[in-house]
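Comments concern the structure below.
Treat the numbers as computed from the prediction; the structure is a model and nothing was measured. Numbers restart at 1 for each chain; the letters A, B, ... are given by sequence-line order, proteins then strands.
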Number of protein chains: 2
Amino acid sequence: MLTISQLASYAGVTVRAVRHYHKVGLLPEPERDRSGYRTYDAAAVVRLIRIRTLADAGVPLARVQELLDASAEEFAGGVQEIDKDLRAEIRRLQDTRSRLARLAAGEHLALPQSVVGYLDRLRGLGVGERYIELERDAWIMIAAQVPDLIDSVIAKKHEELDDPDMVRLYSFFTGEPDWVAGDPRIVEVADILERLMIRAVEAGEVGADGFDDQFVALMDSTMLESAPGAELVLAILKERGWSGWTRIERVPADRLN
Amino acid sequence: MLTISQLASYAGVTVRAVRHYHKVGLLPEPERDRSGYRTYDAAAVVRLIRIRTLADAGVPLARVQELLDASAEEFAGGVQEIDKDLRAEIRRLQDTRSRLARLAAGEHLALPQSVVGYLDRLRGLGVGERYIELERDAWIMIAAQVPDLIDSVIAKKHEELDDPDMVRLYSFFTGEPDWVAGDPRIVEVADILERLMIRAVEAGEVGADGFDDQFVALMDSTMLESAPGAELVLAILKERGWSGWTRIERVPADRLN
DNA sequence: TGGAGGGTTGACCCAGCGTCAAGGTCAAGC
DNA sequence: GCTTGACCTTGACGCTGGGTCAACCCTCCA
């Protein structure tokens with residue numbers, strides 16, 4: 001006969017676990033010897049090892065109970081399902097490994113691949129890291145708000161970048177220029193923006209974009225804070241009857257001052 | 001700005017989990033809008049996704065905290081260790097899968113392979129399943145008590161089985177014979193047993209075997225109950241001055257009756 | 001005879017949330 | 001302006017599978 005610790009160590013579990021199984025009724029309480037010690041037989045070993053094998057597979061103890069007390073067919077069916085879950089779990093862990101590797105490599109898991117590609121294209125145009133980070137955060141917010149539209153939105157941005165005007169516009173975001181009033185580039189930027197806007201208005205692309213006002217306001221203020229020349233550009237555009245930045249609009253004539 | 005449920009669903013976690021991370025200090029509490037709702041920015045998205053990636057890898061939240069607040073090198077080292085654990089976990093699950101398959105196939109996980117082989121050899125000798133089960137349970141108990149000796153014990157049993165006497169002896173355990181007193185095979189079994197004992201005594205192999213008395217008594221009584229002829233054999237042997245079955249001994253002369 | 005090394009029960013503790021409970025808020029429709 | 005339904009808030013309890021004491025008993029060996 002076996003003592004509890006012999007049983008436990010042979011089955012590879014702790015004494016505490018065996019007692020736990022007794023308490024939850026998973027393993028029947030065995031006979032006691034005259035001093036109250038539990039004494040186990042071979043059947044207990046077999047049952048305990050079956051319990052462990054299932055529990056190691058992540059099966060909840062209640063389910064283990066059901067399975068062990070079920071018919072052979074039910075048992076086989078249950079085991080098959082457990083095996084399916086195990087395979088899925090293994091795949092999940094492998095997936096986690098690759099995500100972890102990308103995390104360690106500094107990759108931005110918060111962004112879909114399409115956005116990462118778009119940012120890389122901007123980088124290729126010589127756009128500075130400071131601006132890229134701003135865009136990146138904006139895209140994270142956009143992706144979080146409309147995750148299933150993001151790929152098509154990015155596709156449209158890529159098309160826009162095929163326009164030389166747009167490329168020229170982005171090229172102003174290189175490095176850390178401290179533009180002062182009177183810089184001729186300010187007028188150039190304003191000209192480009194106005195051309196782009198007019199084209200957008202003609203294409204009927206202006207209006208509701210699905211983003212909330214708070215977000216648009218945030219984007220605008222962030223842009224103004226980070227791009228020193230932006231304020232000057234906005235002033236020129238305002239004179240010409242436009243307002244906004246992230247979401248540009250024709251200002252109604254009666255509100256022009 | 002994002003609400004808590006937008007943040008949560010984009011990062012693939014529950015709202016409850018996000019609040020939990022706030023409570024444990026893993027994710028800083030963000031600003032609230034005027035009605036008390038939490039409003040999140042891109043940095044929160046990034047941090048939450050890093051948290052999830054690590055937590056999905058099974059890292060405890062406290063360790064996630066440490067890692068995210070650590071230097072890049074510490075982080076890389078930590079991630080490497082986590083990846084090692086993940087690989088180990090995947091291997092463990094694969095191992096569990098194969099154990100599960102053996103369990104479903106009815107194979108006896110409670111026994112080391114050497115014992116399974118030995119039982120198969122007995123089966124090959126024509127020994128009945130009823131007796132095999134008795135032996136199996138006995139071996140389970142032995143293996144549980146002295147797990148590291150089991151292989152060498154089995155090796156010795158294999159050697160014994162090379163002896164034709166032993167083979168003949170086991171052949172009596174076939175089927176379900178109902179031996180009655182006077183059956184000539186009883187004397188034959190007793191003769192064989194006596195020869196084997198004498199040889200064992202001469203080889204000095206008799207005496208302490210490391211099993212406890214209770215176990216030996218259990219084996220004896222089980223054997224007597226299950227093998228109808230055993231009692232008759234024992235009677236003959238007793239006359240000749242031997243006692244026991246599982247552990248056979250010369251009976252001291254003064255205790256012979 | 002006493003100390004080590006088993007055993008016994010019982011009670012509390014842990015992560016990582018899930019799940020009510022009991023409300024306050026917001027946008028939309030009537 | 002009122003209702004409805006979807007979200008938001010905090011707070012408290014529950015769950016798994018045991019770990020970790022605590023306080024005590026039993027057995028064995030020197």
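Between Gly36(B) and Gly58(A), it is Gly36(B) whose nearest contact on DNA chain D lies nearer the 5' terminus.
Contact detail for Val24(B) and Gln65(B): the closest heavy-atom pair is O-NE2, 4.0 Å. Across Ile140(A) and Ala110(A), no two heavy atoms sit closer than the pair CD1-CB, 4.2 Å. Residues Val59(A) and Val64(A) come closest through the heavy atom pair CG1-CG2, 3.7 Å. The minimum heavy-atom distance between Ala11(A) and Ile49(A), with the atom names listed, is CB-CG1, 4.0 Å.
Under 4.0 angstrom from either OP1 or OP2 of dC8(D) there lies at least one side-chain N or O belonging to Ser5(B). In this structure, Arg32(B) reaches the dT10(D) phosphate: one of its side-chain N or O atoms is under 4.0 Å from OP1 or OP2. Residue Arg19(B) places no side-chain N or O under 4.0 Å from the OP1 or OP2 atom of dT19(C). OP1 or OP2 of dC8(D) has at least one side-chain nitrogen or oxygen of Thr3(B) nearer than 4.0 Å. Residue Ser35(B) has a polar side-chain atom (N or O) positioned under 4.0 Å from OP1 or OP2 of dC26(C).
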Between the protein and nucleotides 18-21 of chain D, which nitrogen or oxygen pairs are less than 3.5 angstrom apart?
{"residue": "dG18(D)", "atom": "OP2", "partner": "Tyr21(A)", "partner atom": "OH", "Å": "3.1"}
{"residue": "dG18(D)", "atom": "OP2", "partner": "Arg52(A)", "partner atom": "NH1", "Å": "3.2"}
{"residue": "dG19(D)", "atom": "OP2", "partner": "Thr14(A)", "partner atom": "OG1", "Å": "3.1"}
{"residue": "dG19(D)", "atom": "O6", "partner": "Arg16(A)", "partner atom": "NH2", "Å": "3.0"}
{"residue": "dT20(D)", "atom": "O4", "partner": "Arg16(A)", "partner atom": "NE", "Å": "2.7"}

Between N or O atoms, less than 3.5 Å apart, protein on one side and nucleotides 22-24 of chain D on the other: list the pairs.
none

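Following rounding to the nearest Å, Leu2(A) (CG) and dG6(C) (C1') show an atom-to-atom distance of 15 Å. Taking atom CG on Leu7(A) and atom P on dG7(C), their separation rounds to 11 Å, with Å as the unit. Spacing between atom CZ of Arg34(B) and atom P of dT9(D) amounts to 15 Å, rounded to whole angstrom units. Atom pair Ile51(B):CD1 and dC17(C):P shows a separation of 10 Å (rounding to whole Å applied). At whole-Å resolution of the value, CG in Leu26(A) and P in dT16(D) are 13 Å apart. Look at CG on Asp33(A): it is 17 Å from P on dC25(D), rounded to the nearest Å. One can place NZ of Lys23(A) at 9 Å from P of dT9(C), the figure rounded to the nearest angstrom. Between the C1' atom of dT27(D) and the OH atom of Tyr37(A) lies a distance of 6 Å, rounded to the nearest Å.
Note on ring orientation: taking the six-membered ring where Trp is involved, the planes of His22(A) and Tyr40(A) are parallel (angle under 30°, cut-offs 30° and 60°).
Partner of Tyr21(A) under the side chain to side chain donor-acceptor pair (under 3.5 Å) criterion, chosen from Arg52(A), Glu29(A), Arg16(A): Arg52(A). Across Arg136(A), Glu135(A), Gln113(A), a single residue satisfies side chain to side chain contact (heavy atoms under 4.5 Å, CB included) together with Tyr118(A), and that is Glu135(A).
The backbone N or O of Ala57(B) sits nowhere less than 3.5 Å from a side-chain atom of Thr96(A) that would complete a donor-acceptor pair.
The line from CG of Leu100(A) to OG1 of Thr53(B) is 7.5 Å long, rounded to the nearest 0.5 Å.
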